[in-house]
There are 2 protein chains.
Amino acid sequence: MNDRSDNTDPMARTSGSHSEITGPRLREAAQRLFARHGYASVTMRQIAAEVGVQVGALYNYIPDKQGLLADLMRAHLEELLAAWAAEPRGEGPLGALEAFTRFHIRFHLERPDAVFIAYMELRNLAPENFAGIEALRKRYETELEDILRAGQAAGVFDLPDTKLATLAVIAMLTGVTTWYRDAGRLSRERVAGLYWDMVRKAVAA
Amino acid sequence: MNDRSDNTDPMARTSGSHSEITGPRLREAAQRLFARHGYASVTMRQIAAEVGVQVGALYNYIPDKQGLLADLMRAHLEELLAAWAAEPRGEGPLGALEAFTRFHIRFHLERPDAVFIAYMELRNLAPENFAGIEALRKRYETELEDILRAGQAAGVFDLPDTKLATLAVIAMLTGVTTWYRDAGRLSRERVAGLYWDMVRKAVAA
DNA sequence: GTCTATAGACTGATAGAC
DNA sequence: GTCTATCAGTCTATAGAC
């Protein structure tokens, strides 16, 4: 956390102190580049160029490249869990499943780069980082699994294998990020509605 | 490291001519390593070590690393299309959809490494290779889309948006490769049956 | 066809000036 | 906090001996 303020002429130089702006810009640039080209293909020099600083300056904000990747993924997953925790649920298992479906699609379409990294760069995590990230992913999966299990118990869903259904639904929903384009023929609301139709029918008793 | 020779017996040396064996072994090793660590993270030296030759020898079989990746992906997708073309279909759109579902799961579970590469390494393809690979992927998608469209026309499916349904079903089915393990509690046949249950219900009229 | 050796370029990360 | 300069290591790909 930074709390700097008050410089007499903060705009006049191209070199000097920019801690409040360089940190976030570094993370944004890295996220965009990692998503586009892959973590292993992106160099620290490319990131620095995007931010507008020299490469050495980046290391004021990150321990190393690996730590940067782990932080991006952890921040994304924690934001995902927090947002779902704050999301209003519908009534009963069916309402909860609809809420989850629409939330998942909305949240993922708003952060395509972060989603891409979270799903594609797991194998580039060092083992000590992997465990924690994987645990967060698991926690999110469990949120859906709990909904499906409750619906199964209540008799509104018919799911011979709840765990498999959980993974199938998440894979189907997450797939939207691979093809959806804002300029396309379908609005996000429409897309969410169409996916909800399929999910509802797929799990129905 | 290697001394060698004493070349009285042609089979007794570790250096010499091995064209029939080195080529396939190179492709197998690259596929395994690319899937495990990612194309950009794997070095030609790692591949050579896995094959059991020095790095220079690899270039008798490939033009460069990029060409190796493109060849692996093209071979996988062409095999996929050929195998589906040879697959027996069931009766009507419902039979065709069941055939596609079971085929897709079986084929993908038999080649986890190739599947992983085909889905994850698209962004590491040079533009001139990307176009052709993407066209093959599209052709496979169209196979499913045609089935869904026929079922919609026949009134056995209810799909407000056939294209979206196509992508949703493929994403759901392909997701099986991210979690299935042979040592797990479910057989491949059982898994295919459970997915088919969900697909059938999701598209039903 | 495979080897050794190397060119030539690039990598992540650090030291010290300002 | 950012800069310049650089280290020490790695990379792909090639040349020429065998």
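Naming: A, B, ... by sequence-line order, numbering from 1 per chain. Nothing here was measured: the structure is a model prediction, and the numbers come from that model.
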The correct set of residues in residues 56-66 of chain B placing a heavy atom under 4.0 Å from DNA chain D is B:Gly56, B:Tyr59, B:Asp64, B:Lys65
Whole-Å gap separating [atom2] ([N]) and [atom1] ([X]):
X: A:Arg25; N: D:dG1; atom1: CZ; atom2: P; value: 16 Å
X: A:Leu69; N: C:dA13; atom1: CG; atom2: P; value: 12 Å
X: A:Gln46; N: C:dC10; atom1: CD; atom2: P; value: 12 Å
X: A:Arg45; N: D:dC11; atom1: CZ; atom2: P; value: 16 Å
X: B:Gln54; N: D:dA15; atom1: CD; atom2: P; value: 18 Å
X: B:Leu26; N: D:dA13; atom1: CG; atom2: P; value: 13 Å

Please state whether the phosphate of C:dC10, meaning OP1 or OP2, lies under 4.0 angstrom from any side-chain nitrogen or oxygen of A:Thr43. no
Give a yes/no answer on whether the side chain of B:Thr22 brings an N or O atom under 4.0 Å of OP1 or OP2 in C:dT2.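 Yes, B:Thr22 has a side-chain N/O under 4.0 Å of OP1/OP2 on C:dT2.
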Between the side chains of [Y] and [X], is the shortest nitrogen-to-carboxylate-oxygen separation below 4.0 Å, so that they form an ion pair?
X: B:Glu20; Y: B:Arg25; result: no
X: B:Glu110; Y: B:Arg106; result: no
X: A:Arg190; Y: B:Asp161; result: no
X: A:Arg139; Y: A:Glu143; result: no

Taking the six-membered ring of A:Tyr119, is the NZ or CZ of A:Arg137 close enough (under 6.0 Å from the centre) and on axis enough (within 45°)?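 Yes; both conditions hold, so A:Arg137 lies above the ring face of A:Tyr119.
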If you assign each of B:Val55 and A:Met44 to its closest nucleotide in DNA chain C, which residue comes earlier from the 5' end?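 Mapping each residue to its closest nucleotide by heavy atoms, the 5'-most match is B:Val55.
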Give A:Val42 one of three labels, base, sugar-phosphate or nothing, depending on what nucleic acid heavy atoms sit under 4.0 Å from its own.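 A:Val42: backbone/sugar contact only, no base atoms under 4.0 Å.
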In terms of relative ring orientation, are A:Phe34 and A:Tyr39 parallel, tilted or perpendicular, with 30° and 60° separating the classes? perpendicular
